[in-house]
*Asks:* 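Structure below; questions to follow.
What you see below is based on every heavy atom in this structure, not just the backbone, and it leaves out hydrogens, waters and symmetry mates. Numbers here are sequence positions counted from 1. Quick caveat, the model's predicted, so the values are computed rather than measured.
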Amino acid sequence: MADLKRLYDAILNGDAKVSAAVTREALTEGAMPMDLITGYMVPAMNEVGKLFECEEYFVPELLLSGRAMKASMELMRPLLAQQGVEPIGRVVIGTVKGDLHDIGKNLVACMLEGGGFEVIDLGADVSPEVFVAAVRDRKAKVVALSALLTVTMNSMRTTIQAFQTAGIRDQIKVMVGGAPVTQQFADEIGADGFSENASAAVTLARKLVAA
Ligand code: B12
């Protein structure tokens, strides 16, 4: 039997090789992807966040843990699709133009995927035009915008304006997040929702597709 405590430790310690190996072993033995995500991977990333906040972890540790989480998620993706579970909805996610921060965005993407959404991740520094094209091509119902810099928060506004100009604003729900973003700012730019962290983002996305 796979020792799942090792999965938790591997993500906490940023060891992608071990996290992938334990994940592979557990999946071969029939473990459910969601059990691994919610039981071990997300708690490990939460701990990473706490260590970062109290300055025991720094950016390199954050990046390594994010990479370990990604390595495990990549093994689960085909399985989640194979299970034939109808996705709850399709989400286009990206960090807005001018902003290269993607750790939080990746976490939100992982959690949404684990929560049953089909996620199209456009990466970081994504222009409004690319968001518009992705919504059109992939027929997404939800768009998730991330920004970590006060100067790039305005790119959220221009992205929402681009949806309006393209005539697709009323076909989608836009959710926003990232450390400097607040509910007040979300309201100000006409977003449909805001959440402070990755797990609340899943609850929010569920609410938005149901609305
Ligand atoms: C890591 C980091 C970097 C890394 C980014 C690596 C990467 N691949 O992401 C590097 C070194 C590249 C970097 C560069 C810069 N950075 Co920097 N960086 C950070 C740092 C230390 C951590 C950010 C992080 O990853 N946090 C952890 C994640 C998990 O948290 P999070 O992103 O907030 O995401 C959570 C929530 O916000 C939410 N969320 C996030 N996105 C979304 C989206 C949706 C839809 C929803 C619902 C929720 C949601 O859920 C996430 C999970 O719970 C912060 C400081 C800080 N404490 O935030 C500075 C910080 C953001 N950086 C800062 C700055 C100034 C810069 C630079 C301009 C520095 C420079 N002079 O070059 C450049 C900018 C480059 C660019 N154009 O983007 C400033 C921003 C100040 C400001 N107010 O604008 C900060 C706050 C540091 C500081 N105190 O000065 N940075």
Side-chain angles (χ1 to χ4, degrees), residues 1-85 87-95 99-126 144 146 148 177-179 195-206:
M1 277 293 275
D3 177 3
L4 294 175
K5 172 76 171 53
R6 284 181 67 219
L7 175 58
Y8 177 93
D9 288 340
I11 289 177
L12 189 60
N13 299 324
D15 192 333
K17 259 194 188 152
V18 173
S19 70
V22 181
T23 303
R24 197 174 289 115
E25 192 186 338
L27 293 176
T28 311
E29 290 167 0
M32 299 301 287
M34 269 313 280
D35 293 343
L36 302 186
I37 294 170
T38 55
Y40 301 91
M41 293 163 62
V42 171
M45 278 312 285
N46 285 342
E47 185 58 22
V48 170
K50 278 184 204 150
L51 291 171
F52 178 71
E53 271 160 33
C54 65
E55 297 185 357
E56 270 187 57
Y57 267 21
F58 297 95
V59 174
E61 286 86 359
L62 215 61
L63 292 173
L64 287 172
S65 292
R67 205 174 297 164
M69 175 105 177
K70 220 171 172 181
S72 290
M73 276 308 295
E74 260 148 35
L75 294 169
M76 297 190 198
R77 201 163 289 138
L79 247 165
L80 287 167
Q82 224 178 60
Q83 283 172 356
V85 185
I88 304 175
R90 193 173 290 157
V91 183
V92 160
I93 189 168
T95 305
D99 200 321
L100 300 175
H101 296 85
D102 67 356
I103 297 170
K105 183 267 296 167
N106 291 344
L107 256 180
V108 173
C110 274
M111 288 292 288
L112 285 170
E113 218 168 312
F117 285 88
E118 183 186 341
V119 178
I120 297 143
D121 187 347
L122 302 178
D125 191 16
V126 182
S146 180
L148 262 286
S195 85
E196 258 176 25
N197 58 56
S199 40
V202 180
T203 314
L204 172 63
R206 290 206 169 116

*Asks:* Below 3.5 Å, can you tabulate the donor-acceptor pairs from side chains in residues 24-33 to any protein atom, sequence neighbours excluded?
*Replies:*
from: Thr28; atom 1: OG1; to: Arg24; atom 2: O; distance (Å): 2.6
from: Glu29; atom 1: OE1; to: Ala2; atom 2: N; distance (Å): 2.9
from: Glu29; atom 1: OE2; to: Ala2; atom 2: N; distance (Å): 3.3

*Asks:* Apply the test side chain to side chain contact (heavy atoms under 4.5 Å, CB included) to residues Thr95 and Leu148: give CA-CA distance (whole Å), side-chain angles for both, the deciding distance (0.1 Å), then the verdict.
*Replies:* CA-CA 8 Å; Thr95 305; Leu148 262 286; over 6 Å; no
*Asks:* Between Met69 and Ser19, is any pair of side-chain heavy atoms under 4.5 Å apart?
*Replies:* no
*Asks:* Lys105 and Gly123: which non-hydrogen atoms are nearest, and at how many Å?
*Replies:* CE-O, 3.5 Å
*Asks:* Look at atom CD of Glu196 and say whether more than 12 heavy atoms of other residues, nucleotides or ligands are closer to it than 6.0 Å.
*Replies:* no
*Asks:* For a side chain to side chain contact (heavy atoms under 4.5 Å, CB included) check, start with the C-alpha distance between Asp125 and Asp102, then their side-chain angles and the critical distance, and finish with the verdict.
*Replies:* CA-CA 9 Å; Asp125 191 16; Asp102 67 356; over 6 Å; no
*Asks:* What are the two closest non-hydrogen atoms of Val202 and Phe117, and how far apart are they?
*Replies:* O-CE1, 4.3 Å
*Asks:* Among residues at least two apart in sequence or on other chains, which ones pass salt bridge (charged side-chain N to carboxylate O under 4.0 Å, His left out) with Asp9?
*Replies:* Lys5
*Asks:* Evaluate Ser72 against Leu7 for side chain to side chain contact (heavy atoms under 4.5 Å, CB included), listing each step before the verdict.
*Replies:* CA-CA 9 Å; Ser72 290; Leu7 175 58; 3.7 Å; yes
*Asks:* Using side-chain heavy atoms (C-beta onward) and a distance below 4.5 Å, is Met41 in contact with Met73?
*Replies:* yes
*Asks:* Show me the side-chain donor-acceptor pairs of residues 48-60 shorter than 3.5 Å, one per line, residues at least two apart or across chains.
*Replies:*
from: Tyr57; atom 1: OH; to: Leu12; atom 2: O; distance (Å): 2.6

*Asks:* Got Asp3 and Val22 here, is their nearest side-chain heavy-atom distance under 4.5 Å?
*Replies:* no
*Asks:* Near Arg90 CZ, under 6.0 Å, is it more than 12 heavy atoms from other residues, nucleotides or ligands?
*Replies:* yes
*Asks:* Can any side-chain N or O of Asn13 pair as donor or acceptor with the backbone N or O of Asp15 at less than 3.5 Å?
*Replies:* no
*Asks:* Is there a donor-acceptor pair closer than 3.5 Å between any side-chain N or O of Asn197 and the backbone N or O of Ala200?
*Replies:* yes
